[in-house]
Amino acid sequence: MIPATYLEHLNPEQRAAVTLPRQSALILAGAGSGKTRVLTTRIAHLIQTGQASPGGVLAVTFTNKAAKEMLTRISSLLPINPRGMWVGTFHGLCNRLLRAHHREANLPALFQILDSQDQLSAIKRLMKQLNIDDEKYAPKQVVYFINSAKEQGLRANEVEALDDMTQRYREIYTAYEQQCQREGVVDFAELLLRSYELLRRNEPLRQHYQARFKYILVDEFQDTSSFQYEWLKQMAGTDNAVFAVGDDDQSIYAFRGANAGNMQTFLHEFAVEKVIKLEQNYRSQGNILDAANILIGHNSERLGKNLWTAEGAGEPIRLYAANSDFDEAQFIVEEIRALIKDGIAASQIALLYRSNAQSRVLEHALFSASVPYRVYGGLRFFERQEVKHALAYLRLIANPEDDTALLRVINFPTRGIGARSIEQLQAAVREQGISLWQAACKKGGKDSTKGAPAFVLLIESMRRDTAGLNLAEQVEHLLHASGLVSHYQASKTESDRVENLEELINAANAFIKEYDGERTEEMPDALTAFLTHAALEAGDNQAASGQEAVQLMTVHAAKGLEFHSVFISGLEEGLCPHENSMFEQDGLEEERRLMYVAITRARRRLYLTFAQSRMLHGQLRYGVPSRFLNEIPESLLKAINAPLIHGSSVSGAPAWEATSTLASPVADTEAGQAFRVGQNVSHAKFGPGVIVNCHGRGVNAEVEVNFSQSGTKRLALQYAKLSPA
DNA sequence: GTACTCGTCATTTTT
DNA sequence: TGACGAGTAC
């Protein structure tokens, strides 16, 4: 039961969104405006008031984390079994659909899911098979081609191939489709495409689901791709209500296909009458919000929205100009220590950066100062080599025709099946159109104690011996029978991998606990369910240490999180906004949204830092402060060590110049005018910039200048109208 | 098979 | 600078 008071705790806009009658609507939910609360309360409200049954609700999110969070919050509001509700990621829901209708979708009941790694190795294997030069056609490019095609809803025969290259790609795509079909595996993009085609082709089925899901809710709508939007249209039909929640200002995933333009399209195509803006922010104090609002105001492509808070202005935003990346890291560590000393929990302090490479200096400084920290990103549990190996054995038990899995472990741990033997098997595959497993079986006869025949026997005995066991017992058995555990135990350098293998047993145990009793007609087999879980949900990407630690992550990874204190580091042109973004359509605006996301993570205290010089790709680079710093009004900032940087460039002698310890090569013109590395200059055409390199003297003198607007250029001093700024 | 060297490359990332 | 993959030597 929802307490009657629950609705009263919502602000008027939130309440309007929660109680909206059945119709399509767009909820523009700003950062920290209670978006998840609105989504979950609406679902609970719909069920509570009898407008919808749990089975009649479809809610889509982008991450498993978000889906889980939503389910937890719904079950805390309502005493129902949330399993009947379709709440999940696009891929998770597609999987559910395809499991339930695998025959109609032309898939085996126990089809397996390839993750990105598996997909790449499947492509590599295929290309070897087809004798395609991987120098000329990079496997990664092929994967990209296939995934892009699928994400446009195109099958191999529907791709237009105007040139030889594309023609070739298309051939590989065709062969890949056949290979996947033969092996009974689907990749991520296939989950979406296959279920889309299923709905489209199969009218009774489509009508069934359209009649069932009268209410469809979409989280992070700005992150939907064009194809996901089409998928939603199939599900919704012409008559259903889509409740889309999103924030165009937080669209930071265009590079992986997100199309925030879906919001506009949605308004038209679903004849949306209600656009509700959630603008009251419950997270950050005034100055932080002002900075965010003003910054994002520089973007032109916006639906328009302004965050406000009932709280006061709070502290000013602190700005630190560092001499070097090293200095920047030192400063940050000192401040963090002070914050922790003041009683701020380390886990409430976030250290954000644009690109992962920036974390190293920061980590080093934190480590030296013995400040506990935790870096997000990197390998996740189910992506680890040893875990993938173990899963491959599991997959072979479920389906020995799974060539990807077989290749992964046929010689791991090594059992004398070298490249030659595998070549032979693959030749048989080519000639006879059979799976590697079948080829290996045929090789039996003479000596079954070694080589491929022994491997066949091993897998068969594994299957026999695990037949009566539960999932966790199966895993445990395989780990030993395969020799994985003893292999890693014996290893000098990799013995810590054993722990992860043990953790896999725990994961299997946890999985059956959660899944038993929930076994549905959609997921008849615990083993397949577990493998699906592993593929679809690669697990946390940080070690589950749970201890108090400062949080280090990219700005992307910080989306959706909040912290008491936030440091945004590396605010230099070229890094943030990233130089590569300049080549992309609307690249700068996306970078600005990134900055917006970063700023709005902070509740009370925000630090912005930049470094005048930075080690990048093994070279010292001189940077100019990010333009985003100029876009934040001076009145909101408090400079810690340097004059404010407003106006076109730094005026007066910045603090760092006096203390700079960097060598400064000099270039003089004939007229005796001297320029040196690190100096701020201004060019008639290119505007402000900083000298990053000097060459030659006199009439031959040249300088390389990193211009804030137009990148790095090499200029002859004799001709360039360059003036000190 | 493993351990080494060399060359290449260097946003952002979920499923 | 430094991480990673491919290729080579033992």
Side-chain angles (χ1 to χ4, degrees), chain A residues 60-67 88-95 113-120 124 134-135 138-140 147 150-151 186-193 195 219-220 223-225 227-228 251-258 325-326 352-361 363-364 376-380 382-383 385 411-420 487 491-494 532-541 553-560 570 574-584 587 590-591 593-595 597-598 614-621:
Chain A
V60 198
T61 63
F62 272 82
T63 62
N64 291 299
K65 198 176 153 200
T89 62
F90 276 104
H91 297 268
L93 296 170
C94 288
N95 172 61
I113 297 168
L114 297 184
D115 67 16
S116 322
Q117 281 178 37
D118 298 331
Q119 188 189 22
L120 182 63
K124 281 183 180 163
D134 61 0
E135 297 273 279
K140 277 190 184 149
N147 289 343
K150 287 189 179 185
E151 273 154 28
V186 296
D187 59 43
F188 288 137
E190 185 71 24
L191 284 170
L192 254 103
L193 180 52
S195 55
D219 190 16
E220 305 279 16
D223 288 341
T224 47
S225 71
F227 191 62
Q228 286 163 338
S251 161
I252 55 173
Y253 284 112
F255 72 93
R256 66 170 197 216
D325 48 352
F326 182 78
L352 308 184
Y353 34 81
R354 174 67 238 267
S355 62
N356 287 304
Q358 288 165 250
S359 74
R360 190 169 302 126
V361 210
E363 282 182 66
H364 182 80
Y376 283 69
L379 267 197
R380 290 143 65 193
F382 286 110
E383 290 168 354
Q385 183 208 100
N411 200 32
F412 194 97
T414 50
R415 41 178 79 89
I417 306 177
R420 303 178 310 285
H487 172 266
S491 162
K492 272 172 270 170
T493 50
E494 302 186 298
T532 301
H533 166 79
L536 242 33
E537 203 170 332
D540 281 342
N541 58 1
M553 65 190 91
T554 63
V555 179
H556 283 94
K559 190 176 159 201
L575 259 188
C576 182
H578 198 278
E579 48 201 358
N580 295 1
S581 69
M582 302 303 164
F583 305 114
E584 283 154 24
E590 176 140 325
E591 294 291 302
R593 291 193 290 269
L594 212 39
M595 183 71 187
V597 167
R614 177 180 299 278
M615 210 43 141
L616 204 65
H617 309 327
Q619 279 196 314
L620 199 56
R621 269 196 17 173

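Per chain, numbering begins at 1; letters A, B, ... match sequence-line order. Because only heavy atoms are used, hydrogens play no part in the values below, and waters and symmetry mates are left out as well, while side chains stay in. Please read all numbers here as calculations on a predicted model, not as lab measurements.
Distances shown here put every side-chain N or O of A:N64 at or beyond 4.0 Å from the OP1 or OP2 atom of B:dT14. At B:dT15, one or more side-chain N or O atoms of A:R380 fall inside 4.0 Å of OP1 or OP2 (strictly under the cut-off). For A:N356, a side-chain nitrogen or oxygen approaches OP1 or OP2 of B:dT13 to under 4.0 Å.
Aromatic rings from A:F255 and A:H556 are positioned such that their centres are separated by under 6.0 Å. Aromatic ring centroids of A:F62 and A:F90 lie under 6.0 Å apart.
A:V361 is linked by a side-chain contact (heavy atoms from CB on, under 4.5 Å) to A:D325, A:A329, counting only residues two or more places apart in sequence or in another chain. For A:E537, the salt bridge (charged side-chain N to carboxylate O under 4.0 Å, His left out) criterion is met by A:K68, not counting sequence neighbours.
The side chain of A:H617 approaches B:dT11 more closely than any other nucleotide in the set B:dT14, B:dT11, B:dT12. Minimum atom distance to the side chain of A:S581 is reached by B:dT11, of the listed B:dT11, B:dT13, B:dT14. Looking at the side chain of A:T89, the nearest of the listed nucleotides B:dT11, B:dT15, B:dT13 is B:dT15. Set against B:dA10, B:dT15, B:dT13, the side chain of A:F188 has B:dT15 as its closest nucleotide. Nearest to the side chain of A:T554, among B:dT11, B:dT14, B:dT13, sits B:dT13.
Between the side chain of A:S116 and the base of B:dT15 there is at least one donor-acceptor pair of N/O atoms closer than 3.5 Å.
Under the 4.0 Å criterion applied to side-chain N and carboxylate O atoms, A:K150 and A:D187 are assigned as salt-bridge partners. The existence of a salt bridge linking A:R360 and A:E363 is excluded, since no basic side-chain nitrogen approaches an acidic carboxylate oxygen closer than 4.0 Å. Using a cut-off of 4.0 Å between Lys/Arg side-chain N and Asp/Glu carboxylate O, A:R621 and A:E579 are scored as salt-bridged.
Nearer the 5' end of DNA chain B, as judged by each residue's closest nucleotide, is the contact made by A:H487, out of A:H487 and A:L191.
If you take CZ of A:F583 and C1' of B:dA10, they are 14 Å apart, rounded to a whole angstrom. Going from atom CZ of A:R354 over to atom C1' of B:dA10 covers 13 Å, rounded to whole Å. Between the NZ atom of A:K140 and the P atom of B:dC9 there is a distance of 11 Å, given to the nearest Å. The CG-P distance, from A:D223 to B:dT15, rounds to 12 Å in whole Å. As a whole-Å value, the separation of A:D118 CG from B:dT15 C1' is 13 Å. Atom CG in A:L93 sits roughly 15 Å away from atom C1' in B:dT14 (whole-Å rounding). The interatomic distance linking A:Q358 (CD) with B:dT12 (C1') rounds to 11 Å, in whole Å. For the pair A:E383 CD and B:dT15 C1', the interatomic distance rounds to 10 Å; values are reported in whole Å.
A side chain to side chain contact (heavy atoms under 4.5 Å, CB included) with A:K559 holds for exactly one of A:T63, A:L594, A:T554, A:D223; it is A:D223.
Annotated as syn: B:dT11, whose glycosidic dihedral is within 90° of 0.
Residue A:E591 is classed as a base contact, given a heavy-atom separation below 4.0 Å to a base. Across all strands shown, A:E584 has heavy atoms under 4.0 Å from base atoms, whether or not it also approaches the sugar-phosphate. Backbone-only engagement by A:Y253 is indicated by non-hydrogen atom pairs under 4.0 Å involving sugar-phosphate atoms exclusively. Here A:F62 lies in heavy-atom contact (under 4.0 Å) with sugar-phosphate atoms only.
B:dT14 and C:dA3: their C1' atoms are spaced 23 Å apart (whole Å). With both ends at atom P, the span from C:dC4 to B:dT13 equals 16 Å, rounded to whole Å.
More than 12 heavy atoms of other shown residues, nucleotides or ligands fall within 6.0 angstrom of atom CZ in A:F412.
Taking 4.0 Å as the cutoff to heavy atoms of chain A, we find the contact window on DNA chain C bounded by C:dT1 to C:dA3.
Evaluation of A:H578 against the base of B:dT11 yields a stacking contact (centre distance < 5.5 Å, interplanar angle < 30°).
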